[in-house]
Amino acid sequence: MNLIFLGAPGAGKGTQAEVVSDTLSIPQISTGNILREAAKNGTEYGVKAKAAMDAGELVSDEIVIGILKERIAEDDCKKGFILDGFPRTVAQAEALDAMNVQIDKVIEISVADEKIKQRLGGRRVCQGCGASYHVEYKPSKVEGICDKCGDKTIIRKDDQPEVVLDRLKTYHEKTAPLKDYYAAQGKLVTVEGQEEVADTTKLTLAAVGVQ
Ligand code: AMP
């Protein structure tokens, strides 16, 4: 099964994509994580991407489409994959269609902006493996340490309040139009984000068709 997870930054799409990835044993492909890793390693595109990411803007379609094309050609994607954070523009969605990638469903995790502003302040990510936590909603077992790999969890630079506002604006301008794009293809399923992560997960699994 090939799935796309769509949602504003901080809506919880990564957390939900992770559960579905574990449940279906198919990889979760986060373009944000790939870009952060490239930025950390100082690769040519990583350096370019970092400036846009730190400002809450999107990285160019050209760079991101190139990354995705390479990633989904890998062996572990043969049985299916979950795209987490891609596409983020109509041009990226069109590029995916042009690659003849069949998408089964697009799961939108919907959360109001006000709630998102509140949530992102508490988000922590692992500096090693990129796993995501929240001090209140999804704490790691030991504070500041990743459950999965034992590395440190940190606050992302782009989770600072002023950058969050820019990211939300970018989302509404550039990414939200994808809802219409995929609704027109009959693939969009909207999941309303709940107060409890576990409740959102139940709805997400039902939307994907596994329970
Ligand atoms: P995320 O971890 O998905 O919130 O992504 C973090 C940042 O990486 C975004 O704010 C963008 O700057 C960049 N990014 C990730 N995925 C994409 C994409 N598909 N297109 C453009 N920029 C992206």
Side-chain angles (χ1 to χ4, degrees), residues 2-18 20-21 27-41 43 45-72 81-99 101 103 106-109 111 113 116-117 119-134 138 146 153-179 181-182 193:
N2 298 334
L3 301 169
I4 290 173
F5 272 70
L6 194 66
K13 65 177 169 7
T15 302
Q16 297 305 325
E18 192 181 320
V20 176
S21 161
Q28 170 189 6
I29 300 173
S30 157
T31 40
N33 279 354
I34 296 173
L35 289 166
R36 275 185 289 279
E37 185 66 23
K40 200 165 82 182
N41 294 334
T43 66
Y45 79 73
V47 171
K48 275 193 207 159
K50 191 174 184 309
M53 291 166 84
D54 286 350
E57 290 163 11
L58 292 183
V59 174
S60 78
D61 285 335
E62 194 195 346
I63 291 181
V64 186
I65 291 167
I67 290 175
L68 191 93
K69 222 177 196 169
E70 272 185 25
R71 180 63 188 88
I72 60 175
F81 51 78
I82 298 173
L83 302 185
D84 163 17
F86 184 99
R88 257 180 158 100
T89 63
V90 171
Q92 291 175 20
E94 286 170 348
L96 208 51
D97 286 344
M99 287 179 227
V101 175
I103 298 298
V106 178
I107 312 290
E108 182 214 354
I109 309 291
V111 174
D113 283 8
I116 282 175
K117 288 179 206 163
R119 278 189 190 180
L120 283 179
R123 176 152 79 175
R124 302 289 181 269
V125 293
C126 172
Q127 65 176 11
C129 72
S132 189
Y133 300 93
H134 191 281
K138 192 193 168 198
C146 178
T153 63
I154 53 166
I155 300 177
R156 266 167 56 169
K157 209 169 180 179
D158 57 351
D159 279 347
Q160 284 155 9
E162 36 332 326
V163 184
V164 167
L165 294 183
D166 288 335
R167 288 167 67 205
L168 279 173
K169 191 163 166 266
T170 304
Y171 173 78
H172 290 295
E173 278 175 16
K174 308 260 174 69
T175 309
L178 289 176
K179 289 189 249 176
Y181 184 92
Y182 286 115

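What you are looking at is a predicted structure, and each value in this text was computed from that prediction instead of being measured. First listed ligand is number 1; within each ligand, the first listed atom is number 1. Residues take their numbers from the sequence shown, with the count starting at 1.
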Enquirer: Any N or O of Asn33 that comes nearer than 3.5 Å to an N or O of ligand 1?
Expert: no
Enquirer: Is there any N or O on Arg123 that sits under 3.5 Å from an N or O of ligand 1?
Expert: no
Enquirer: Can you confirm, on distance only, whether ligand 1 has an N/O atom lying under 3.5 Å from any N/O atom belonging to Arg36?
Expert: yes
Enquirer: Closest by any non-hydrogen atom to atom 13 (C) of ligand 1: pick that one out of Ile34, Leu35, Asp54.
Expert: Leu35
Enquirer: So does Ala95 get a backbone contact from the side chain of Lys69, meaning a donor-acceptor N/O pair under 3.5 Å?
Expert: no
Enquirer: Could you tell me whether Lys174 approaches ligand 1 through its side chain, its backbone, both or neither, with non-hydrogen atoms closer than 4.0 Å?
Expert: neither
Enquirer: Please round to the nearest 0.5 Å and tell me the distance separating atom OG1 of Thr31 and atom CD1 of Ile65.
Expert: 11.0 Å
Enquirer: Would you call Asp159-Arg124 a salt bridge at under 4.0 Å N-O?
Expert: no
Enquirer: Looking only at protein heavy atoms, which one is nearest to atom 22 (N) of ligand 1, and how far off is it?
Expert: Val59 N, 3.0 Å
Enquirer: Report the part of Leu58 in contact with ligand 1, treating N, CA, C, O as backbone and CB onward as side chain, heavy atoms under 4.0 Å; options are side chain, backbone, both, neither.
Expert: both
Enquirer: So, is Pro87 polar-close to ligand 1, with some N/O to N/O distance under 3.5 Å?
Expert: no
Enquirer: Under 4.0 Å from a heavy atom of Glu57: give me the atoms of ligand 1 that qualify, with their elements.
Expert: 11 (C), 12 (O)
Enquirer: Give a yes or no on this: more than 12 heavy atoms of other residues, nucleotides or ligands lie within 6.0 Å of atom CD of Glu162.
Expert: yes
Enquirer: Taking 4.0 angstrom as the limit and counting only heavy atoms of Thr31, give me the atoms of ligand 1 inside it, by number and element.
Expert: 15 (C), 16 (N), 17 (C), 19 (N)
Enquirer: Whether the side chain of Arg123 engages the backbone of Ser132 through a donor-acceptor N/O pair (distance < 3.5 Å, no angle test) should be reported.
Expert: no
Enquirer: Specify side chain, backbone, both or neither for Arg167, according to which of its non-hydrogen atoms lie closer than 4.0 Å to ligand 1.
Expert: side chain
Enquirer: Have a look at Met53, Lys13, Arg88 and point out the one with the heavy atom closest to atom 1 (P) of ligand 1.
Expert: Arg88
Enquirer: Just which atoms of ligand 1 are under 4.0 Å from any heavy atom in Gln92?
Expert: 18 (C), 19 (N), 20 (N), 21 (C)
Enquirer: For Arg167, which of Thr170, Leu165, Val163 qualifies under side chain to side chain contact (heavy atoms under 4.5 Å, CB included)?
Expert: Val163
Enquirer: Would you say that more than 12 heavy atoms from the other residues, nucleotides or ligands in this model lie under 6.0 Å from the CD of Glu62, or not?
Expert: no
Enquirer: Without swapping roles, check the side chain of Gln92 against the backbone of Asp61 for a donor-acceptor pair under 3.5 Å.
Expert: no
